[in-house]
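In what follows, a structure is listed as structure tokens, so that the remarks can point back to it.
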Amino acid sequence: MVRYNPKEVEPRWRAAWDEADVFRAETDSSKPKYYVLEMFPYPSGSLHVGHARNYAMGDVVARFKRARGFNVLHPMGWDAFGLPAENAASERGVDPAAWTWDNIAKMREELKRLGLSIDWSRELATCDPAYYGRQQAWFLKLMERGLVYRKEGLVNWDPVDMTVLANEQVIDGRGWRSGAMVERRKLTQWFLRITDYAEDLLDGLKTLDRWPDKVRTMQENWIGKSQGLRLTFQFAGESPESGLEVYTTRPDTLFGASFLAVAPDHPLAENLAQKDPRVAAFVAEVRRGGTSEAEIESAEKQGWDTGLKVIHPFDSTRQIPVWIANFVLMDYGVGAIFGCPAHDQRDLDFARKYDLPVTPVVLPVGEDPAVFHVKQEAYVGPGRIFNSAFLDGLEIEAAKAVAIARAEADGFGKGTTVYRLRDWGVARQRGWGCPIPVVHCSDCGVVPVSPDQLPVELPVDLDFSKPGNPLARHATWKHTSCPKCGAAAERETDTLDTFVDSSWYFARFPNAGAAEPIDKAAADYWLPVDQYIGGVEHAVLHLLYARFVTRALADEGLLSVKEPFAGLFTQGMVTHETYRRQSGEWLEPGSVVIRTEGAHRRAFLADTDEPIVIGEAEKMSKSKRNVVAPADIADVYGVDAARLFVLSDSPPERDVQWTSGGVEGAWRLINRVWAEFDETSPSDGEIDVAASLALRRATHKAIKSVTEAIEGFRFNSAVARLYEFVAIVRNARASTVTPEVRREALAALARLVAPFAPHLAEECWRRLGEGGMIVHAAWPAWDANLVADEERILPVQINGKRRGEIRAPSGATAADVEALLFADPEIAKKLEGLTIRKVIVVPDRIVNVVAA
RNA sequence: GGGGACGUGGCGGAACGGUAGACGCACCGGACUUAAAAUCCGUUGGCCGCAAGGCCGUGAGGGUUCGAGUCCCUCCGUCCCUACCA
């Protein structure tokens, strides 16, 4: 027997696939289409097994669907703009473009080595002018549609990266990449009007029935629709403004209002701050504490009494003070609220601190209105309204409707829907991104670059040695002429958020070389993506932006679908144990040896035998040095073993822990499979008919269970069924089965293994003497008659406890089973002396006897 | 504070409301070998028992059901997301 040699076999088959160009997808086909896409990688320069798992999953789906007769599109690209290239440029003085293209070349080779069934002819990179130039083209179209606008406003400024961050990119008051405390700065920014689509994006979630509920919930919460009332309070006495508008979702509690509060950056507050330095000082102080650290965050309500009063709209005899409060946000609703301390915890905290009245207006069921009052906990539960004039006695929802109707009738308010979602700030002050294709002209203002001047390319000699935007300080790049009047003008030096790059790449793959941004015919054929696979960390931002851009492009006539991804799967990460010396220094897995002493595992430094601390399994990261590269595995076991293992141990949506033992298990499976094909089947001896039938049945059962496991994304279960099937095929060698049956089993085995270990499968297929390559072979079908057993073993329960079993023909009726049951001497013995009350028979599954 | 997920052997994990622990890892025993590695075969939830067999067992407690890891309620724990959103 020849040992399976992946180092020889794997490259040979990859070359054969390349040679035959087997993974090229043609748009025109009589077959049904299937578009599989994994989230494209950032070209960091090195592939780790986390990538391998992501792409292996997509590859299983792609190869499976191809075998099942689909016309499969499975492309690959590069999310190639972004900060790491700039960091490399500023730290090491390399050219970001050269650095990126170099990394792409390296990673392409590593990906190819995984044996993925990718149509490389469609490869694209977002940093390629051929790509971002088309992005500029549709950006200008959205601009014409009014979906792009500039607005001056407070933005999140990252002082380390010297750039503006979207709200979503600020985590706990820090920049998501740099970790630096974010400052608030006033700048003119570019925005995409995603809020125009808020309702539609929310609505569309209902149609995405092949998305995880979790992701849909996260997007729903992110859009954050609420129904409420906008109402305007009139000032009492001398008034600086005509009135003060607030937003509430609890108009039923209006009679419990004891104060109004505006955000520190509300126009009213800014107005007052200009006149009164004490107000200015308060606002400044609040802003400093701002949205920062965790302690401050959960903490103290702070307020400033403006001295202004407004009149209660339902009771003109009541006057309500107006405060500036740190917990009111300018960018939600209208930046002003009324406080009803009895029924909102934040308002209550504020009222207690500043000694404002607390009037309950919702009476919990069973409470006495004469004695009910609120102490330190606001009452937010159900009840009936009281202390509220015309609302008295109503349930909360009814009272909301009545209050809104009254406010509308009296002309001071309007029922309103508000979304938490805000417009997408897309400008970045970065040099390594897609330039925003507009020109600033002193006469004409902001002028789009004319389409025939696209792409607006980045200069090749950007200087990243200083922080800030290298485009802005480039000597010549920004100087141009106005497309409208021809006078000297300056280019916009902001570039687009990289989330823009990734929000349409799936629409480019159908024809990655098209002159237009999107080849409509090709996109109409391929879209939507049938199965999209990626990390759950993109559940909100990337997926929401892609859904928005798809809608915008559809409205522009470039696409026909509203939802880009019909099916979504979010996969888990690959983790690895961490190792560190007593001194705290992290160690690479390769430098550590593990020894087992009884039940305990101990780690030692390979060279010196120094004892090492074994830490938790964590996401592979360079900083903890627990990274395993697929190449390391490929050198020893081949990539098939690596592919098999990352899919086998854990369900795909969960994290998988990389262990050397696990890979060895996969390697053993590969060798066992190979051994079956390498072995010549013993043909002497009498044919064992029963064993032959048993193997046939096992073959068809394996086909069915592997097929169903792949369809249900239960790759770990599919691999478990493969292990079982290989064991059965091996054991069948002990008896003499007919050559046809053995051949059927082996032909099925090769094809079932193919999506997971494609190189091995090809080698087996050839060894079997089948013509052509297995990538062209059809997926095996199972015969329902062979899958069903003739006879079944039914466990017998007495009063719910297993007490024995009987054999019954498959499909036996309840009456048949009962007859068999009472005919069984073992069972009869166990039932002796008991009165049988009831016999429950679940056909082909179980029998339960209720007896006393 | 809000939302969600999860909790099963030594470990990763299986299990349409129907024999809990498939499959893999690890461990232990055996075969092969001068020996080891590799490979192959076998054992392995706990307790009692020579055995046949019995009892207990899916975070804790209750409930629904002929039957619950699975459904419902309460609690405990872990993880993730989100957060002064009016």
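By convention in this document, chain letters (A, B, ...) are assigned in the order of the sequence lines, proteins followed by strands, and residues within each chain are numbered from 1.
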Sole residue of A:Phe255, A:Phe338, A:Phe412 in ring-ring contact (aromatic ring centres under 6.0 Å, His included) with A:His312 | A:Phe255
Separation of B:C85 atom C1' from A:Asp331 atom CG, nearest Å, is 9 Å
Atom CG of A:Asp655 and atom C1' of B:G12: how far apart are they, to the nearest Å?
-> 12 Å
Would you mind checking if A:Arg714 and A:Glu708 are paired as a salt bridge, meaning a charged N to carboxylate O distance below 4.0 Å?
-> no
Syn or anti conformation of B:G61, syn meaning chi within 90° of 0 | anti
Which whole-number value in Å describes the distance from A:Glu826 CD to B:U19 P?
-> 21 Å
Partner of B:C16 under the Watson-Crick or G-U wobble criteria, both distances under 3.5 Å, comes out as none
Evaluate salt bridge (Lys or Arg N to Asp or Glu O under 4.0 Å) for A:Arg803 paired with A:Glu826, printing each intermediate quantity in order.
-> CA-CA 9 Å; A:Arg803 283 290 181 270; A:Glu826 286 290 313; over 6 Å; no
Grab the CD-P distance between A:Gln797 and B:G17 for me, whole Å please.
-> 16 Å
Distance, rounded to the nearest Å, where A:Asn221 contributes CG and B:G1 contributes P = 18 Å
Return the nucleotide paired to B:C6: Watson-Crick means purine N1 to pyrimidine N3 with N6-O4 or O6-N4, wobble means G-U with N1-O2 and O6-N3, both under 3.5 Å.
-> B:G77
Do A:Arg250 and A:Asp344 pass the salt bridge (Lys or Arg N to Asp or Glu O under 4.0 Å) test, and can you show the C-alpha distance, the side-chain angles, and the key distance before you say yes or no?
-> CA-CA 10 Å; A:Arg250 291 296 302 273; A:Asp344 183 290; over 6 Å; no
Using whole Å, report how far CD of A:Glu724 lies from P of B:C23.
-> 5 Å
For A:Gln657 and B:A26, what is the distance between atoms CD and C1' respectively, to the nearest whole Å?
-> 13 Å
Find every protein N or O atom lying less than 3.5 Å from an N or O atom of nucleotides 55-57 of chain B, and list the pairs.
from	atom 1	to	atom 2	distance (Å)
B:C55	OP1	A:Arg803	NH2	3.2
B:C56	OP2	A:Lys801	NZ	3.2

So does A:Arg216 pair up with A:Asp213, basic N to acidic O under 4.0 Å?
-> yes
Got a donor-acceptor pair under 3.5 Å from the side chain of A:Lys301 to the base of B:C84?
-> yes
Closest to the side chain of A:Thr249, out of B:C81, B:G54, B:A86, is B:A86
Distance-only side-chain donor-acceptor flag, A:Ser648 / A:Tyr723, under 3.5 Å | no
Euclidean distance, atom OH of residue A:Tyr332 to atom P of B:A83 [Å, nearest integer] = 14 Å
Any Lys/Arg nitrogen of A:Lys225 or A:Glu199 sitting under 4.0 Å from an Asp/Glu carboxylate oxygen of the other?
-> yes
Which whole number of Å gives the distance between the C1' atom of B:C11 and that of B:U44?
-> 14 Å
